[in-house]
Amino acid sequence: MSKNASIDEFRGNIPTKFSLGIFRGDFRQTSDPRNFLGNLVPRNSVGNFRGISEERRNSEELFPRTCFVVHEQMFELHKEEKEKGSEDFVDLLLRLEREETVVGHENLTRNHIKAILMNVLLAGIDTSSITMTWAMAELARNPRAMKKVQSEIRNQMGKRSVISLDDIDQLKYLKMVIKETWRLHPPAPLLVPKEVISEFEVNGYMIQPKTLLHVKVWAIGRDPGTWKDPEMFLPERFIGSNIDTKGQNFELLPFGGGRRICPAMYMGTTMVECGLANMLYNFDWELPEDMMVEDLDMEEAPGLTVSKINELLLVPVEYLDH
Ligand code: HEM
């Protein structure tokens, strides 16, 4: 199996996604009938997730084979020690393990590294690539916004080969495009469930402590009471608005909020901003021959993260004027 094939299989493998709980305390409640995943996934559809908490102690049994393959490939690729400064993320973790670094109360072990890598793969790659795909799909459907964002990037950046992190702050319209993409297409449409701490009232209903709340970010983003013309892709709605994505503005929660807010919010944002900025700077994006803007579908695939059900097909045309 090629490396890419095994990574794809690993990421797409639903039991693998659920096995995240192997390394984390959060899924201790998997046998609880109120359990989030157990409730989302019908019993016996892809396995009985409610019984997982007992079995998961034996990670060898539960850990899918593809997961081991991916980890072994990663470790194999990083077996040579590198100099400090030229290390990547995996090199760094392996060095901390060799140096018997204490993290929290214990040494960082190989199992911790596997858990961290799995978190990054599951939580990081999908969410950023999903955002970039939806952003490109919306821009392809909205040539005016596409032209505007490309003009901003090309005018601000002048001639250069790559747009770096330091340049991104100047790209105000690009940031609005990304926020608007997250409003309409939050990669995680349902947040991690939240447990109510103290009683409160909403619309005449008293919500009791310990109730599990499922926050449907997708619906909030399209709520006509909150957003004018909610179905329209209109990045300009953020001009002069101080709504951001840091979890304080409940209208826009692509990274969630509260204690369990995405810990990699800045990394995720940076990956999306840099990726899109470079794609939009270096290429014009055309629809395939015989395809009209109206033919672009925006159908969503079901899942804990929501991607486009059909692949987005765009033709990159190198932009040579820089
Ligand atoms: C566009 C990029 C991303 C988006 C939209 C996103 C979104 C989210 C959301 C909505 C949550 C749940 C928060 C809640 O329920 O309140 C979450 C949790 C999490 N994310 Fe991200 N994420 C992104 C990128 C990343 C990256 C790059 C990583 C890792 C490198 C990452 C790691 C995590 C982890 C570990 C959690 C679980 C935190 C916890 O349960 O305490 N995410 N993310």
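Every value quoted in this text rests on a predicted model; they were computed, and no experiment measured them. Atoms within a ligand are numbered from 1 in the order they appear, just like the ligands themselves.
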- Is Lys194 near ligand 1, meaning one of its heavy atoms is under 4.0 Å from it? yes
- Task: Take Thr131 and Trp182, measure what side chain to side chain donor-acceptor pair (under 3.5 Å) needs, and give me the verdict at the end.
- Result: CA-CA 7 Å; Thr131 306; Trp182 278 329; 3.0 Å; yes
- Task: Kindly write out the residues that satisfy side-chain hydrogen bond (donor to acceptor under 3.5 Å, both in side chains) with Lys148, not counting sequence neighbours, or none if the list is empty.
- Result: Glu236
- Does ligand 1 have any atom that is closer than 4.0 Å to a heavy atom of Gly257? yes
- Note on the structure: Quick look: Met267 vs ligand 1, heavy-atom contacts under 4.0 Å, and the answer is side chain
- Pull out every atom of ligand 1 sitting under 4.0 Å from any heavy atom of Ala188, numbered as shown with elements. 10 (C)
- Note on the structure: Here the atoms of ligand 1 under 4.0 Å from any heavy atom belonging to Asn119 are 35 (C)
- Would you mind listing which atoms of ligand 1 come within a distance below 4.0 Å of any non-hydrogen atom of Gly256? 10 (C), 13 (C), 14 (C), 16 (O)
- Note on the structure: So the atoms of ligand 1 within less than 4.0 Å of a heavy atom of Thr131 turn out to be 1 (C)
- Task: Could you say whether the N/O atoms of Arg260 and ligand 1 ever approach to under 3.5 Å?
- Result: yes
- Query: Could you give the distance from NZ (Lys79) to CE (Met74), rounded to the nearest 0.5 Å?
  - Reply: 16.0 Å
- Message: Check this for me, if you would: do Asp284 and Arg154 make a salt bridge, where the nitrogen-to-carboxylate-oxygen distance has to be below 4.0 angstrom?
- Response: yes
- Query: Using a heavy-atom cut-off of under 4.0 Å, does the side chain or the backbone of Pro187 touch ligand 1, or both, or neither?
  - Reply: side chain
- Region of Leu191 engaging ligand 1 - heavy atom pairs below 4.0 Å: both
- Closest to atom 34 (C) of ligand 1 (judged by heavy-atom distance), picking from Gly268, Cys262, Pro263: Pro263
- Those atoms of ligand 1 less than 4.0 Å from some heavy atom in Gly124: 25 (C), 26 (C), 27 (C), 28 (C)
- Message: Under a 4.0 angstrom heavy-atom cut-off, which atoms of ligand 1 come close to Trp182?
- Response: 1 (C)
- Check ligand 1 against Ala264 and write out every atom of the ligand that is under 4.0 Å from a heavy-atom position of the residue. 25 (C), 26 (C), 27 (C), 28 (C), 29 (C), 30 (C), 31 (C), 42 (N)
